[in-house]
Amino acid sequence: RIEHDTAQVIDQNDQIKTLKAQGIRRKIDSRRAVGRDANGNGVGMGDNVKIIKGPYQGETGTVKHIHRSSLFLWTKNRLQNSGIIVTSTKFCQIQGISKSRQQAVISGQSQPFQKYTRSVQRQPRKRRNDEMLHKLVSITKGPWKGYLGIIKDTSDA
């Protein structure tokens, strides 16, 4: 809920926190996020799930957001928090997938939640044998003395 200069936000522990408007940075994109339900099936945005354990046992809802192992679900029959509840992915069981994922599976464009394997073997990249590359260093002489930096490139000279 957003007010004049504050907003009430529900976190991954199902607690409501009041934050100042300046404390909210940006919306987090979780469209490609994937969680695993109690049976090990992939759960994504827009999927319908049923909660089989925990305080919301028996509830069904649509996945609106995924954060680590927490699902933010929207349910029709809850009035508090605009119908949003938070539960663990392990407490849920998938009932149906979203239309966009369903169409992708039918058309054969993607196979959701399966590990990507590459059939073509890549050629090994040539690496420089330089120990200092990508190391944190501090500058000890010159106008940049006292600064910290990461070595990004080296020369042979």
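Computed from heavy atoms alone, side chains included, the values below leave out hydrogens, waters and symmetry copies.
- The shortest heavy-atom contact between W144 and I139 is O-CB, 3.3 Å.
- No option in K50, K76, R78 other than R78 meets the side-chain contact (heavy atoms from CB on, under 4.5 Å) test with E59.
- Rounding to the nearest 0.5 Å gives a distance of 10.0 Å between CD of Q95 and OG1 of T62.
- Hydrophobic cluster membership differs between V137 and I150, with clusters built from Ile, Leu, Val, Met, Phe, Trp and Tyr side chains linked at under 4.5 angstrom.
- With rounding to the nearest 0.5 Å, the separation of CG in L136 from CG in L148 is 5.5 Å.
- The side-chain contact (heavy atoms from CB on, under 4.5 Å) check on L79 picks up nothing, with sequence neighbours excluded.
- Taken to the nearest 0.5 Å, the CD1 atom of I52 stands 11.0 Å off from the NZ atom of K90.
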Set out, in order, the CA-CA distance, both residues' side-chain angles and the distance that settles side-chain contact (heavy atoms from CB on, under 4.5 Å) for L73 and I51, then state yes or no.
CA-CA 10 Å; L73 305 174; I51 302 173; 3.7 Å; yes
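- Of all heavy-atom pairs between D37 and C92, the closest is CB-O, 3.2 Å.
- Within the 3.5 Å criterion, the main-chain N or O of R36 finds a donor-acceptor partner in the side chain of T89.
- Of all non-hydrogen atoms in D47 and G42, the two that sit nearest each other are OD2-O, 4.1 Å.
- The shortest heavy-atom contact between G44 and V63 is O-CB, 3.5 Å.
- Here the CD1 atom belonging to I85 is positioned 11.5 Å from the CH2 atom belonging to W74, to the nearest 0.5 angstrom.
- Minimum interatomic distance between V43 and I66 (heavy atoms only, all atoms of both residues): O-CD1, 3.5 Å.
- Counting only distance, with no hydrogens or angles, the side chain of T75 and the backbone of G83 share a donor-acceptor pair below 3.5 Å.
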